[in-house]
K.L.:
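Got a structure here, written out as structure tokens. Questions coming.
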Amino acid sequence: MKNQKLSQFNKNERPVFHLTPEKGWLNDPNGFSRYGGKYHLFYQYYPDATCWGPTRWGHAVSGDLIRWERLPDAIMPDRDYDIGGCFSGTAVTCEDGRHMLMYTGCRPDPDDRQGRGLQTQCIAFGNGTSYEKYHGNPVITGDKLPAGGDPHEFRDPKIWQETDGTYRAVIANHNETHGAQILLFRSGDGLQWEFEKVLADGEGKPGWMWECPDFFPLDGRDILMAGTMGEVHTICRIGDYDHETGTFLETAWQSMEQGFDFYAGQTVQAADGRRILIGWMQNPQTAERRGIDLPINGQMSIPRELTLRGGRILQKPVRELEAYRTDEIIYRDAKLRSEEEIRLNGIRGRTIDLELSVRADEAGPYELFRMRFASDGQQYTELRYEPAVSAVALDRSHAGPGAANRTEAKTDVRGRGGRLDVRILLDKLSAEIFINDGEQVMSAVIYTDRHAEDITFYVKGTAIMDIAKYRIKENK
Ligand code: FRU
């Protein structure tokens, strides 16, 4: 019975170009890296149920960030120091060629009144297919924390190597007086670690704890990214890091997601230098709420290329996706008449890549543009744009079962005289919307019935629209 459900799911519902677990639960991306000529992506994985349980690291490899091959699970929660879960972490290549994983081991703490585990940092070495835990684990324990640091909220190391061969790691921690803090540790060999300093604290920022930090250079600046707990967000702090003194000076910050479902992001640098971000297309507040019984719960976002322009980070789907486009359908200068809901021949589907540009015509500004997709008339997800207030809304209140705690997300966009450009990726259980060249991104998991494939357009006033739509195929 169970297998039948899985094979039905594989045939009909399983996302085609997003990484999903074979079965059960997936959360954060881990160890996103290039090793042995391939991209490696590990992930928080619990195959025995579709809810969170003590996580292991699942493992997948890809040549192009779109088509993933699952490999045997890399590390299991099977030691006293990680029996509560092999939590999130990252990967580097060591001087001797080994792939080194740094992760958080969580073990139960009978003395903690909130039932939280004790979190320590651990190491595993591997060759790209199999991994072994370091015999000296854990390598960083709570006694290395600065005063006030909570050892139950101490996780998700991001490790990197400096040009002199020494290692650094930034690790998330909660401080009893300052709240969220990101700690910088240093090591000569990756195994003996010393606390260096608080790289950044939470003052003036949302979230009582910042999980899953990443720290990376982008177009001449340095970016500290993290998932904020409390009100869930992925935020990036844009600044400059002094490698000598280990000081990070922040000049601006921004939220990386204006929709619902993107969290715990990690980046990798592609061979051609691009900085690529992937996230868990879910978030801790919505992940366990759904009114539908599927054999999996969790998927990764489309990898996003990052660039910095005018002090803002822009995000676009990785260009590798374009090799999977087929069945192109183009409309130029399609006229939208007031309050008439229209469909366009061939513009439909649930595994598609769609580029749309809408603008005012000679009659002047329009009041509202609305698009419904994954629609059968009853179920649909709605994107609305109101040029007068430069606001975009994504509404999944009619998207079918699995009522999430938030059904509407809104974002301000740059006013461009009534012009809006969006790129929409639909892949069975999700929609990802890249607005105005990636200035904003809105992601939503939707459990809409898979037969709901229609797309409709509606305007108050009149407008003109260009569309290019592609089906995404399974293989190049
Ligand atoms: C974020 C997170 C991480 C932790 C992992 C456990 O979603 O809570 O901080 O390492 O999930 O699965």
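Note that this is a predicted model, so its numbers are computed, not measured. One-based numbering, in listed order, for ligands and for the atoms of each.
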K.L.:
Would you mind telling me which of R116, Q119, H174 makes a side chain to side chain donor-acceptor pair (under 3.5 Å) with E153?
P.N.:
R116
K.L.:
Using the ring of F87 (Phe, Tyr or Trp, six-membered ring only), decide whether R155 places NZ or CZ under 6.0 Å from its centre and within 45 degrees of its axis.
P.N.:
no
K.L.:
Listing request: all salt bridge (charged side-chain N to carboxylate O under 4.0 Å, His left out) pairs with a residue in residues 158-182, at least two apart in sequence or in separate chains.
P.N.:
K158-D214
K.L.:
How would you list all residue pairs meeting salt bridge (charged side-chain N to carboxylate O under 4.0 Å, His left out) that involve residues 245-266, not counting sequence neighbours?
P.N.:
K205-E250, R237-E250, E257-R304, D261-R396
K.L.:
Output, or 'none' if empty, a list of ligand 1-protein atom pairs in which both atoms are N or O and the distance is under 3.5 Å, rounded to 0.1 Å.
P.N.:
| residue | atom | partner | partner atom | Å |
| --- | --- | --- | --- | --- |
| ligand 1 | 7 (O) | D28 | OD1 | 2.8 |
| ligand 1 | 7 (O) | D28 | OD2 | 3.4 |
| ligand 1 | 8 (O) | E211 | OE2 | 2.8 |
| ligand 1 | 9 (O) | R155 | NE | 2.9 |
| ligand 1 | 9 (O) | D156 | OD2 | 2.6 |
| ligand 1 | 9 (O) | E211 | OE2 | 2.9 |
| ligand 1 | 10 (O) | S88 | N | 3.0 |
| ligand 1 | 10 (O) | D156 | OD1 | 2.6 |
| ligand 1 | 11 (O) | N27 | ND2 | 3.2 |
| ligand 1 | 11 (O) | D28 | OD2 | 3.1 |
| ligand 1 | 12 (O) | N27 | ND2 | 3.1 |
| ligand 1 | 12 (O) | Q44 | OE1 | 2.7 |
| ligand 1 | 12 (O) | W52 | NE1 | 3.0 |

K.L.:
So which pairs with a foot in residues 189-204 pass salt bridge (charged side-chain N to carboxylate O under 4.0 Å, His left out), sequence neighbours left out?
P.N.:
R186-E196
K.L.:
So is R107 actually on top of Y81's ring, under 6.0 Å and inside 45° of the axis?
P.N.:
no
